[in-house]
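What follows is one structure encoded as structure tokens, with my remarks underneath.
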Amino acid sequence: MKKGLVIRSTGSWYSVKDESGKIFNCKVRGKFRIKGIRSTNPVAVGDQVFFDTAGDEDTGIITELLDRKNYIIRKSSNFSKHSHIIAANLDQALLVVTINYPVTTTAFIDRYLISAEAYRIPAILIFNKTDLYGKKEFQKLNEYKDIYEKIGYKCLEVSAVAKANIDQIKDILKDRISVISGHSGVGKSTLINVIDPNLNLKTKEISDYHRRGKHTTTYTEMFAIESGGYIIDTPGIKGFGVIDMYDEEIYHFFPEMFKLSKDCQYYNCTHTHEPGCAVKEGVENGTISESRYISYLDIMAGDDKYRGPGY
Ligand code: GDP
Ligand code: ZN
């Protein structure tokens, strides 16, 4: 029996890398039950598994799935109660943001961040295209950084085109499994290309493959970066996919509000209209950013609360 990391999933076959770096083509034996969710796929990229090679050089059978620290899912379109696990054991979620070209709003960022919180994946903001910024854009960038760094989210300022601070991204990616998201046009492919040109070619091949309409729901691949670490390619998904949240738990995913909420007068305070609300007080005295509170109210009021970012 060998231990390995699942780096590719086609839905029926899995590429599993053993501890020496050798890759085996594996199938799954038996049924894996995963608590709390009904999934159309038992094993996903990022999973740590045990497998038997049965004397064969290149193929194997996955016999056991190790506990996951987290996973991201997408609802299967056909069966609303079934989910598809896109990837497991993510170390971080990188959101590529641009102030302009295109504009990334705090509303969008906040929706992404609450999904990351709900999935228990540390999120990092990467502000790209700084080579294009003038005084006004830098001002805006600093406003954004103030908001998010204060809460504890790491922020990087980079330019893929000017190759500025690319080493900082490489450092962050090193020896970790990362998922990269962001609006179309923010420079994800350009960044990946600068980080590792080889990787860019591979991710391009995958998205072309998907554009031809094959295996769009089941195929996922994790790419090894030359300087260390893995990037998960999730074609067709701008954010994380769908996540369910109850109204009364939404503020749990705004870490700065959650912290203050312990001082609210009512234990079931929704931080909208109640007297003695420590969160509202925080907004008034500047501990909580107004834009974050607006995002919170919008998500509470809107019907988009059942959808992930990017929808
Ligand atoms: P994606 O949709 O997120 O993958 O974005 P792309 O990587 O395709 O980039 C979209 C456009 O933005 C392309 O024309 C890139 O050349 C450009 N771009 C990407 N990064 C930068 C950057 O750092 N500075 C500038 N000026 N342009 C960039
Ligand atoms: Zn409150």
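Fair warning: this is a prediction, and the values are worked out from it, not measured in the lab. Indexing begins at 1, ligand by ligand and atom by atom, following the structure's order.
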| task | Determine whether the side chains of S181 and Y112 contain a donor N or O and an acceptor N or O closer than 3.5 Å. | result | yes
| query | Would you say G185 contacts ligand 1, with heavy atoms under 4.0 Å as the rule? | reply | yes
| query | Who's the nearest protein heavy-atom neighbour of atom 20 (N) of ligand 1, and how far? | reply | N128 ND2, 3.2 Å
| query | Is there side-chain contact between L173 and I195, with at least one heavy-atom pair below 4.5 Å? | reply | yes
| What residue and atom, counting heavy atoms only, is the protein's closest point to atom 11 (C) of ligand 1, and at what distance? | K129 NZ, 3.9 Å
| Is there a protein heavy atom less than 4.0 Å away from atom 14 (O) of ligand 1? | no
| remark: the protein heavy atom lying closest to atom 8 (O) of ligand 1 turns out to be S189 OG, 4.0 Å
| query | By number and element, which atoms of ligand 1 are closer than 4.0 Å to a non-hydrogen atom of A160? | reply | 20 (N), 22 (C), 23 (O)
| said: Give me the residue, atom name and distance of the protein heavy atom closest to atom 5 (O) of ligand 1. | reply: G187 N, 3.0 Å
| query | Relative to the heavy atoms of S159, which atoms of ligand 1 are at a distance of less than 4.0 Å? | reply | 23 (O)
| note | Heavy atoms of R68 and A88 approach each other most closely as NE-CB, 3.6 Å
| NZ or CZ of K135 within 45° of Y133 ring axis and under 6.0 Å | no
| Ion pair D196/K170, N-O distance below 4.0 Å | no
| remark: Atoms of ligand 1 under 4.0 Å from any heavy atom of H183, numbered from 1 in the order shown, are 3 (O)
| task | Give a yes-or-no answer on whether the side chains of T270 and T272 include a donor-acceptor pair shorter than 3.5 Å. | result | yes
| said: Can you report which non-hydrogen protein atom sits closest to atom 21 (C) of ligand 1, along with the distance? | reply: V161 CG2, 3.4 Å
| Under 3.5 Å, N or O to N or O, is T130 touching ligand 1 that way? | no
| query | Heavy atom under 4.0 Å from ligand 1: found in L132's side chain, backbone, both, or neither? | reply | side chain
| task | Using a strict cut-off of less than 4.0 Å between a Lys/Arg side-chain nitrogen and an Asp/Glu carboxylate oxygen, indicate whether K280 and E274 qualify as a salt bridge. | result | no
| Counting heavy atoms not belonging to E290, are there more than 12 under 6.0 Å from its CD? | no
| request: Over 60° means perpendicular and under 30° means parallel, so classify the ring planes of Y296 and H271, tilted if in between. | output: tilted
| said: Do F24 and K2 make a side-chain contact, defined as non-hydrogen atoms from C-beta onward lying under 4.5 Å apart? | reply: yes
| Greater than 12 external heavy atoms within 6.0 Å of D67's CG | no
| message | Using the rule that Ile, Leu, Val, Met, Phe, Trp and Tyr join whenever any side-chain heavy atoms are under 4.5 Å apart, tell me whether V49 and V28 fall into a single cluster. | response | yes
| request: State the CE-CD1 distance between M300 and I250, to the nearest 0.5 angstrom. | output: 5.5 Å
| Any idea which protein heavy atom is nearest atom 19 (C) of ligand 1, and the distance to it? | T190 OG1, 3.4 Å
| message | Check for me: within less than 2.8 Å of the Zn ion (ligand 2), which protein N/O/S atoms show up? | response | C264 SG, C269 SG, H271 ND1, C277 SG
| Quick one: does ligand 1 sit under 4.0 Å from the side chain of D131, the backbone, both or neither, non-hydrogen atoms only? | side chain
